[in-house]
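Please read the structure below before turning to the comments.
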Amino acid sequence: MKLHNADKTCWNCPAIDLAGKVDFRACGQSVESFQKNLPEDSDVLIMAECKRRPELGLFDPMSITFEECPEWIESPYGYMLKDMRVMILGIDGYLGWTLALWLGSLGFQVSGIDNYARRMWLMEQGADTVVPIAMMPERLEVAKQVLGQEINFRRMDISARSQLREFIADVQPEAIVHYAECPSAPFSMIDAEHAIEVQRNNVLGTLGLLFIIRDTVPESALLKLGTMGEYGTPLTGRPIFEGMFPADAVLRWDNREWSLGGELTPRDPVSFYHVSKVQDTFNVYESCKYWWLRSYDIMQGVIYGVHTPQLAADPRLRTRLDIDEWFGTVINRFVAQAIVGIPLTIYGAGEQVRGFIGLRDAMQCMTRLIVSPPEPGQYGVVNQMSGYYSIRELAEKVARVGRREFGLDVKIQRVENPRVEADRHPFEPIFENLPKQFGFEPQVSPEDEIYRMFELLTQPHIRKRIQQMMYHIVPRTWWTGEHRRVKTIELIEPDQEVIGGDGHGAKPSKYTQPSPALTKE
Amino acid sequence: MGAAIRLTDRNFEREVLESDIPVLVDFWASWCPPCKMVEPLVDELAREYAGRIKVGKLHVDRNPQTRDRYRIMGVPTFALFRKGRLLCQRVGAQSKAQLLQMLSEVL
């Protein structure tokens, strides 16, 4: 079978040197200087040189495909540029560390930066990862010993532009994965300081990075982590397209018709964190337009899971796992709650529907995107998810696995929703680009990954850490600005009818207190 | 690969201006999201009207001579040619209905 990126050409390849040979209008580069040197009978107008194969001299970048180029070799995820240099920003994080080991095992040359901000943000709230992780020097040493991987790490803030510029210029990454953002909606809603810090780190960090890429590695692909939360859940029920409207989407008004094809779709972010991601989207989009940067904006669904073969190779190689109200994602939190006997907390009606993706599938997607770089100037978008579920359905799944496989008495509780969001809404996400264009096939089922999570998190030392973190599990951060623990609305027996009330009568759980207003009823 | 033919500065004369049948040209660029999005529509038209209308795509950054000759200042631009003459052109993404309306002049 033909690999998904077989027909891509040097036009897409980061090893190409187009500088001065293509009319990069906004870069101040001109095609004129090149054309002067062209033979009159030449059949091509755009020529380039290959940084990896200088012996080719000047050639037409459309004339060699990945399939034909000896620098691109077959891998399980498509043709892969030999020893491709990938820099991961935020390499100490849940995704960053996982991706570093994953890519390293495939033969990529991995480098990365991190300033441990994620660790600090949790520490500030009194929380911590429940899966213990060492500091980077030790993690790097274990990666070397156990997996034979050499990762080029620098402790660095993405905002330290001169340092970052120097590191990028030195490494010359052929792809840059940008995970160096604060990924928490509740954290951005704590107060003004947190909202400002999240937007400063995310928006300005990304903006500075774009200038650095322009000036040092414009042929490198930027893989920027966005979120499905940028779109919100449009109450019109229209499909949630992959960043842009398709060609056959039309606007009809006043008996006239316009194509919406290629226009960015409306965004409806649901927290100040999500707003930062939307701002990033526009900054990246504009940079592609102004400077011919190449980027994929990866609208990731809610991530969950703990397993990749590399993470499981040694306990010291595990990635972090957060279960607190700020940085824990919903399935990860449910599993932790089930283990320490907290009824799984679903907010409001629990009928919010979200897209999800398992950790290992996310790694597969990232690899496929890295080996299939966008064209010069291309701002591509993928909705990175493998399925969608209501929060209630997921709680049921976690409860089922916990009960059947691990003998746990798992209950579910509906709590007040501290967020401002629609509890019930239409949801029709489109997530076709990754399977159709990049050959992505989901490998992880929620049940299997939930099982693996129970296996890991029920280990005594981790269970103990979850117990120590229990105070941080039930939310206290309200979108309204309040700071109080949410109250239980009702307790639900999994896979059964609601027990303890008609939806108004609150039943106190062991861990949350009933709402005075509701108990009066 | 799409059904529309790849036009260049080198083959424009032969494929478009000397064509026996009308030619719809999609002037596009890789940095232009609407261009990418209308690509399937352009291919669809190429297949549906094969033999009656020729449909071609010209990348404006790789083919600056033709771009400048027709003063393409925005992409996508759709231009309809017949017997070497430019009949009409429209700037911006077009729906299929709009493209068909454009083609109706020569169909």
Side-chain angles (χ1 to χ4, degrees), chain A residues 7 11-12 18 21-26 30-32 34-35 41-48 60-62 241-252 256-265 285-295 297 374-381 433 437, chain B residues 1-2 4-15 26-46 48 55 57-69 72-78 90-102:
Chain A
D7 290 333
W11 185 245
N12 293 71
L18 296 166
K21 303 172 190 73
V22 180
D23 186 10
F24 284 180
R25 293 153 304 156
S30 164
V31 75
E32 282 171 23
F34 163 71
Q35 283 178 329
D41 58 347
S42 168
D43 201 30
V44 284
L45 280 158
I46 299 300
M47 301 276 275
D60 174 4
M62 304 291 287
F241 296 108
E242 303 195 64
M244 287 161 261
F245 285 109
D248 49 356
V250 293
L251 173 67
R252 286 200 185 88
R256 286 182 289 163
E257 180 180 300
W258 294 263
S259 168
L260 290 172
E263 279 202 32
L264 291 182
T265 57
Y285 175 82
E286 295 303 320
S287 308
C288 292
K289 196 162 71 184
Y290 305 154
W291 307 326
W292 281 49
L293 298 193
R294 311 150 184 232
S295 172
D297 208 345
E375 294 178 49
Q378 184 185 348
Y379 168 79
V381 185
N433 283 351
Q437 294 177 26
Chain B
M1 296 298 280
I5 59 171
R6 184 179 150 200
L7 298 171
T8 66
D9 282 344
R10 302 286 167 189
N11 70 8
F12 196 83
E13 183 86 18
R14 185 178 72 243
E15 294 284 358
D26 169 14
F27 291 91
W28 72 289
S30 47
W31 45 263
C32 154
C35 300
K36 288 273 191 199
M37 284 297 181
V38 296
E39 217 175 328
L41 262 189
V42 172
D43 286 329
E44 199 176 307
L45 286 176
E48 283 178 20
V55 180
K57 289 187 289 195
L58 184 129
H59 193 293
V60 292
D61 294 309
R62 294 179 204 144
N63 301 283
Q65 290 172 2
T66 312
R67 174 195 67 197
D68 294 345
R69 178 171 172 189
I72 303 302
M73 307 301 280
V75 281
T77 290
F78 292 91
R90 283 189 185 178
V91 183
Q94 305 289 312
S95 67
K96 190 169 180 184
Q98 287 172 311
L99 286 173
L100 286 176
Q101 190 196 22
M102 200 173 159

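Every chain is numbered from 1, with letters handed out A, B, ... down the list of sequences. Below, all heavy atoms of this structure are taken into account, side chains as well, without hydrogens, waters or symmetry copies.
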Are Glu375(A) and Lys36(B) packed together at the side-chain level, in the sense that at least one heavy-atom pair is separated by less than 4.5 angstrom?
yes
Phe245(A) portion near chain B, given a 4.5 angstrom heavy-atom threshold
backbone
Which heavy atom of Ser95(B) sits nearest a heavy atom of Glu257(A), and at what distance?
OG-OE2, 2.5 Å
Taking all non-hydrogen atoms of both residues, which atom of Pro33(B) and which atom of Gly262(A) are closest, and how far apart?
CB-O, 3.4 Å
Please say whether more than 12 non-hydrogen atoms of neighbouring residues, nucleotides or ligands are located less than 6.0 Å from CZ in Arg6(B).
no
Any idea which heavy atoms bring Val38(B) and Ala247(A) closest together, and the distance?
CA-CB, 3.6 Å
So CE of Met37(B) and CD of Glu242(A): to nearest 0.5 Å the spacing works out to 8.0 Å
Can you measure from CH2 (Trp11(A)) to NE2 (His59(B)) and round to the nearest 0.5 angstrom?
5.0 Å
